[in-house]
Q: 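Structure in structure tokens, see below.
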Amino acid sequence: MNQPFGELGRFAEPSLYILVSLSAGPKHGYAIMTDVEEISGAPMGPGTLYGALARLERRGLIEALEPEDRRRPYRLTGLGATTLQAQLQSLDGFVRTGLARLSEKAP
Amino acid sequence: MSRLVRLYPPAWRQRYGDEFIELIAQRRPSLVERVDIARGALDAWLNLQVAGPAPRAAPEAGSSGRLTAAVAIAGGGLWIGAGLVLFAAPLNQALEYKESQGGAIIVVAAMVVTALAAFAAARALPVSSRTARVASIAMLLGGLLTAMPWPVLMVGFFGYILATTVFGVIVALSRGQVVGGLLAVASLVLTSLNTEDERALLTIPIGAAWIAVGALVVRRAPASARA
């Protein structure tokens, strides 16, 4: 994955899922977890979720809002939206290339 | 559930603890999720990621910071001095042993002084400051036991080394990787100390490491305190 996802190591893929989840609007931790499970079809553990959230927040890609009781919602920042868009476009190009090559080889 | 959160470093808990407890209260974690939480905690210890100013990151302030640094540097100087005195000690022809008593006294003094520096510096560490304080007390006990006759002195000496290694690791985890790593390694090098030959000079690395700890404390002090 490209920067800044590349430097996130094992948190790169969960981070991408979280950004996609937050692109629909602010969410707190539990809502992100359930949404990511719907998007990806696989559950995301709490340790992975908060490892990725902390990294995204530190890099300014998401920001924390005022807590609602003890739940704190997060939202995508402008930088986060731009980064997510660039990442998805890159992945889109990758997917198109892969599918085109597969169709060329198809009997 | 809060037991799982206690696996995380204090600075992380202060920022994310409440919402994390709320999250795992909403859905009881499975065994796999508990392993995931443990992995997350390990990651947080090794690579703390907290946005904004770390809640307990501001270490030393004012004159207490300078005093801590001065004590650490003095302790480092004592370690280096002890090695030089031991190395240069004259041979007792009758016993065929070096007259190492003077050097041994300086070694004990170095252990006590660096333990005091560690105790003072521990409260400023953003990671495991409580463990660091316990390690510094163990260092002090180790130093005092080293003043006792053999074999108690060996227990004290190796106890000091172990406690110093722990303290070095905590400094390394508190964004002082180089200095903390140097202290941990230098303390382990000390296990090869021998007062009878050139290995007496193995006190020099730990002396240098404590001087580096002092420099780190000064560097982390607020600019106004350094002025």
Side-chain angles (χ1 to χ4, degrees), chain A residues 4-15 17-19 21-22 26-38 40-77 79-80, chain B residues 1-59 125-128 172-177 220:
Chain A
F5 286 87
E7 66 181 30
L8 296 177
R10 78 175 181 93
F11 292 98
E13 193 176 326
S15 297
Y17 285 131
I18 291 168
L19 291 182
S21 175
L22 293 179
K27 289 186 186 69
H28 52 74
Y30 183 71
I32 296 171
M33 267 176 79
T34 51
D35 191 40
V36 166
E37 194 166 345
E38 272 187 41
S40 67
M44 179 185 286
T48 302
L49 172 68
Y50 271 87
L53 278 178
R55 282 166 169 78
L56 291 170
E57 191 183 7
R58 194 166 185 196
R59 285 160 179 77
L61 301 180
I62 63 170
E63 62 188 357
L65 302 175
E66 282 301 306
E68 299 165 352
D69 296 327
R70 295 175 75 182
R71 298 187 304 183
R72 186 189 290 275
Y74 291 87
R75 76 174 166 204
L76 210 57
T77 62
L79 176 63
Chain B
M1 292 306 162
S2 59
R3 274 185 303 176
L4 290 169
V5 180
R6 274 190 239 135
L7 296 171
Y8 282 83
W12 190 96
R13 289 203 306 264
Q14 196 164 334
R15 169 62 186 82
Y16 296 106
D18 283 350
E19 55 189 288
F20 193 76
I21 289 171
E22 184 66 22
L23 171 73
I24 55 182
Q26 283 184 276
R27 188 168 79 179
R28 187 181 168 81
S30 64
L31 181 63
V32 172
E33 286 175 333
R34 283 167 191 265
V35 172
D36 180 72
I37 290 169
R39 277 185 77 192
L42 180 64
D43 169 70
W45 279 105
L46 296 175
N47 191 14
L48 185 65
Q49 305 272 331
V50 177
R56 299 172 62 200
L125 295 173
V127 174
S128 290
L173 292 173
S174 302
R175 301 176 193 165
Q177 288 92 337
R220 285 191 175 180

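The sequence lines fix the lettering, A, B, ..., with proteins before strands; numbering per chain opens at 1.
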Q: Among A:R70, A:E63, A:H28, which has the most heavy-atom pairs under 4.5 Å with chain B?
A: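 Highest number of heavy-atom pairs under 4.5 Å: A:R70.
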Q: How far does CE of A:M33 sit from CD1 of B:I24, to the nearest 0.5 angstrom?
A: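 One finds 10.0 Å between CE of A:M33 and CD1 of B:I24.
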Q: Would you compute the distance between atom CD of B:Q26 and atom OG1 of A:T34 and round it to the nearest 0.5 angstrom?
A: 9.0 Å
Q: Looking at every heavy atom in both B:R15 and A:A64, which two are closest together, and how far apart are they?
A: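 In this case the closest contact between B:R15 and A:A64 is NH2-CB, 3.5 Å.
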Q: Is it the backbone or the side chain of B:E22 that comes under 4.5 Å from a heavy atom of chain A, or both, or neither?
A: side chain
Q: I need the minimum non-hydrogen distance between B:L23 and A:P46, along with the two atoms involved.
A: CD2-CB, 3.9 Å
Q: List in chain and number order the residues that pass ring pair (Phe, Tyr, Trp, His ring centres under 6.0 Å) with A:Y50, two or more places apart in sequence or in another chain; answer none if no residue qualifies.
A: B:Y16, B:F20
